Amino acid sequence: MNKFKRFLAVFLAAVMTLSGASYADSADLNAVPTETENDAVAPLSNSYYYTPTVKLTHKGKGKLSIYFSVSARYKMKKLGARTVNIYKDGRFYTYFFYTLSGWEDIMGYNVTSKSFTKSYTGTTGASYYVVMEAFAYDGNGECLERAVTNTVKT
């Protein structure tokens, strides 16, 4: 009987230990873990890609350099910028789509990251900023998010 009590005690302890571990593991598997300052380089923007980086730089004599970069969580059928909207002195001025000649390279296909630098010549003495639509499509769904550059005076 002594062996039976010892076996029963060990058996019950094992069952309680394993059931506690499985209970802890059954937490919401879709929950996004919180980040600390030592975690990912870019914060998670959505379930498709990390927060895009956009910058506008004045190169002199009205010339502007537009930089964009985005990294996906996994390979996307389309990833990049769908549109580039340029604002002059606080008002909408012009736009470009990835389907326009000379702007096709702002969209990547079957990639996990996309970056580009485009040049634009504006008017000297004006202030500019750019609003880009970061875009991802994985074959099942898509995500679109606006990203805004800093304002630059030419």
Side-chain angles (χ1 to χ4, degrees), residues 15-154:
V15 168
M16 289 173 56
T17 302
L18 293 175
S19 68
S22 66
Y23 176 77
D25 288 345
S26 68
D28 184 8
L29 298 177
N30 295 323
V32 177
T34 58
E35 294 182 1
T36 65
E37 60 185 81
N38 296 325
D39 282 340
V41 173
L44 184 62
S45 182
N46 55 59
S47 62
Y48 290 85
Y49 53 80
Y50 299 94
T51 302
T53 301
V54 294
K55 293 179 186 172
L56 184 63
T57 308
H58 178 233
K59 295 295 185 180
K61 297 184 181 179
K63 293 185 181 184
L64 300 168
S65 176
I66 304 165
Y67 173 78
F68 175 88
S69 178
V70 65
S71 294
R73 296 187 67 190
Y74 50 91
K75 188 183 257 187
M76 295 289 160
K77 290 189 179 206
K78 285 185 181 181
L79 180 68
R82 192 170 79 164
T83 61
V84 176
N85 298 306
I86 299 176
Y87 289 76
K88 178 181 175 183
D89 295 328
R91 302 182 85 182
F92 176 75
Y93 186 65
T94 191
Y95 64 93
F96 301 97
F97 286 103
Y98 74 95
T99 56
L100 291 176
S101 179
W103 289 82
E104 302 93 343
D105 60 340
I106 68 174
M107 184 68 70
Y109 301 90
N110 298 314
V111 295
T112 56
S113 65
K114 178 65 182 166
S115 63
F116 61 84
T117 302
K118 299 296 278 183
S119 295
Y120 179 78
T121 303
T123 307
T124 303
S127 292
Y128 291 90
Y129 70 92
V130 177
V131 177
M132 293 190 207
E133 289 183 333
F135 179 78
Y137 172 69
D138 66 358
N140 295 315
E142 62 185 45
C143 184
L144 181 68
E145 177 182 347
R146 288 189 175 161
V148 182
T149 68
N150 50 308
T151 301
V152 171
K153 182 156 179 124
T154 56

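Keep in mind the model is a prediction, meaning the values are calculated, not measured.
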remark   = With Thr149 as partner, the option from Val131, Thr53, Val54 fulfilling side chain to side chain contact (heavy atoms under 4.5 Å, CB included) is Val54

task = Applying side chain to side chain contact (heavy atoms under 4.5 Å, CB included) between Leu79 and each of Lys75, Lys77, Met76, report the one that passes.
result = Met76

query = Is the distance between the ring centroids of Tyr93 and Tyr87 less than 6.0 Å?
reply =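 No - the distance between ring centres of Tyr93 and Tyr87 does not fall below the 6.0 Å cut-off.
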
State, with a plain yes or no, whether a side-chain heavy atom of [X] is found less than 4.5 Å away from one of [Y].
X	Y	result
Glu145	Tyr48	no
Tyr67	Thr57	no
Val130	Val84	yes

task = For the residue pair Tyr137 and Phe135, categorise the inter-ring angle as parallel (less than 30°), tilted (30 to 60°) or perpendicular (more than 60°).
result =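 Correct class here is parallel.
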
Indicate the atoms forming the closest heavy-atom contact of [X] with [Y], along with that distance.
X	Y	value
Pro52	Phe68	CB-CE1, 3.9 Å
Cys143	Tyr49	SG-OH, 4.0 Å
His58	Lys61	NE2-N, 3.9 Å
Thr154	Gly62	CB-CA, 3.9 Å
Tyr50	Val70	O-CG2, 3.7 Å

query = Is Asn150 reaching over with its side chain to a backbone N or O of Leu56, donor-acceptor style, under 3.5 angstrom?
reply = yes

Looking at [atom1] of [X] and [atom2] of [Y], how far apart are the two atoms once the value is rounded to the nearest 0.5 Å?
X	Y	atom1	atom2	result
Tyr109	Lys114	OH	NZ	9.0 Å
Phe96	Ile86	CZ	CD1	4.5 Å
Phe116	Ile106	CZ	CD1	5.0 Å
Lys118	Met132	NZ	CE	10.5 Å
Arg146	Leu144	CZ	CG	7.5 Å
Met107	Thr99	CE	OG1	9.0 Å

key: Tyr129 atom OH: more than 12 heavy-atom contacts under 6.0 Å   = yes

ask   = When you look at OH of Tyr120, are more than 12 heavy atoms from neighbouring residues, nucleotides or ligands closer to it than 6.0 Å?
value =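 Result for OH/Tyr120: enclosed.
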
